[in-house]
There are 2 protein chains.
Amino acid sequence: MGKQVSISVIRRLPRYYRFLGELLRGGVHRISSRELSGKMGLTASQIRQDLNCFGGFGQQGYGYNVEALFHEIGRILGMDQNYKTILVGVGNLGRAVANHMTFDGRGYRLVGLFDNNPDILGETVRGLPIRPVDELEQFCIEEKPDVAILCTPREATKEVVNRLVALGVRGFWNYSPHYDIALNHPGVAVENVHLGDSLMTLCYKVKDLDDPEGDRG
Amino acid sequence: MGKQVSISVIRRLPRYYRFLGELLRGGVHRISSRELSGKMGLTASQIRQDLNCFGGFGQQGYGYNVEALFHEIGRILGMDQNYKTILVGVGNLGRAVANHMTFDGRGYRLVGLFDNNPDILGETVRGLPIRPVDELEQFCIEEKPDVAILCTPREATKEVVNRLVALGVRGFWNYSPHYDIALNHPGVAVENVHLGDSLMTLCYKVKDLDDPEGDRG
DNA sequence: TAGATTGTTAATCGATTAACAATC
DNA sequence: TAGATTGTTAATCGATTAACAATC
């Protein structure tokens, strides 16, 4: 019944999770919203508001139990899930993502890799063979993956997404800026990682540091 | 005089830039805020508000000239800058970032790579040799880089940032979640790319799709 | 001129912050 | 019990949307 939790709140959860994990490793057992607000650069009010979207995890006069809260937030984020995940596009970026990220125990399990480059077919990354994109249908009908990571080049993304949505994939971790999945498939979950956009934003910020207001003055 | 443009607006600019680039390549010469709003999934009102933070680029009764607006937004974002950029941490991820991204003509110029792994020192990526992190001071005093890309491992980030800030680096494209630069160095420009956070957010979204409201309901 | 569409002001909506009673 | 700190309601602030006069 409680109303839909806003995306702003959701996006802060991983950061809470990180800070609490750090505290936990540092042997801190309890923390107040005030202390945590100091460490994270937020207001104590916001922290309490955020957490109370999901339940009353604290105790008056005491604060929050670090370990309990850490696990609660993990559970809220779905770290206890086990979403079967495939990666499409095993170039520079796809390879780095596959090798660099922890999937196991963080809600995901990597089960398949796909690429069209004949030179790398059969090669293994993280113990998984790279398969031709042609085999997507066969593989997905058998394995029923939940999530796809997209590191596909310009022209491939749109078609791959359409095929995957038809095959029941309902979450996309999308590195390809060339096709707006959320716009075209309103029913699926999408997280875009648009590195180019981020780099441009940084460029603006640096410029703004040097010359606030720019030409406008 | 005009008040500070909000980060929400800034973050939409690269997306406008992408859509306008696409229209331009497609041979579209003019577009109204209404048409563009349809294509981008925004309101026409928001587009006009956003653009008018920087100036009146349109014409009543006509709309916007696609090419002119594209270039204006590029200039606002600083695509005409030429920030000297170094990359620290040339592992899986750093390598992919160096190889995958376009820096030239997008406001940046990659001038140096640094890593501590002795096995890869001297290797070249994108025509640049990988140097030991020890040489950071010497290099930065000579080259005076503006921006650093951080793909450093857990324990390295904090120290590297402190050294770089002292050396005059004032923009950070940060892939390392282990140290909050903005919190510790309020005067510099920071864009965080926290892939782990994004992956967790996706996990929540997928879970929420399957079971809206979760346990709370 | 008439029609279209901007630039801009006003209204609405949502998110953040402040305040405080409840309670451990 | 007294002190601390939460959970929650109310106030503020900022961002988005709507409306419309200006103007091409």
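A, B, ... follow the sequence lines: proteins, then strands. Residue 1 opens every chain.
With salt bridges taken as basic N to acidic carboxylate O contacts below 4.0 Å, none links A/D197 and B/R11. Between B/R30 and B/E67 no salt bridge is recorded (no basic side-chain N to carboxylate O distance below 4.0 Å). In this structure, B/E22 pairs ionically with A/R154, as a charged nitrogen and a carboxylate oxygen lie closer than 4.0 Å.
Across the protein-nucleic acid pair, B/I47 atom CD1 and D/dA18 atom C1' stand 15 Å apart, rounded to whole Å. Residue B/D50 contributes atom CG, which lies 7 Å from atom P of D/dT16 at whole-angstrom precision. Whole-Å rounding puts the A/R11 CZ to C/dT16 P distance at 13 Å. As a whole-Å value, the separation of B/Q46 CD from D/dA15 C1' is 8 Å. The interatomic distance linking B/M40 (CE) with D/dT16 (P) rounds to 13 Å, in whole Å.
Counting only Watson-Crick and G-U wobble pairs whose two key distances fall under 3.5 Å, DNA chain D forms stems of three or more stacked pairs at C:3-24 with D:3-24.
Scanning for side chain to side chain donor-acceptor pair (under 3.5 Å) contacts around A/Q59 gives an empty result, with sequence neighbours left out. Shown here are the side chain to side chain donor-acceptor pair (under 3.5 Å) partners of B/D50, two or more places apart in sequence or in another chain: B/R12, B/Y16. For A/Y64, there are no ring pair (Phe, Tyr, Trp, His ring centres under 6.0 Å) partners two or more places apart in sequence or in a different chain.
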Base contacts versus sugar-phosphate-only contacts with protein, heavy atoms under 4.0 Å: please encode nucleotides 5-13 of chain D as B, S and - from 5' to 3'.
BBBBBB---

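Sorted by first and then second residue, the pairs that involve residues 163-177 of chain B and meet side-chain hydrogen bond (donor to acceptor under 3.5 Å, both in side chains), not counting sequence neighbours, are A/S198-B/W173, A/D210-B/R170, B/E137-B/R163, B/D146-B/R170, B/T157-B/S176, B/E159-B/R163, B/N174-B/N192.
Counting only N and O atoms by type, the side chains of A/H194 and B/R18 include a donor and acceptor under 3.5 Å apart.
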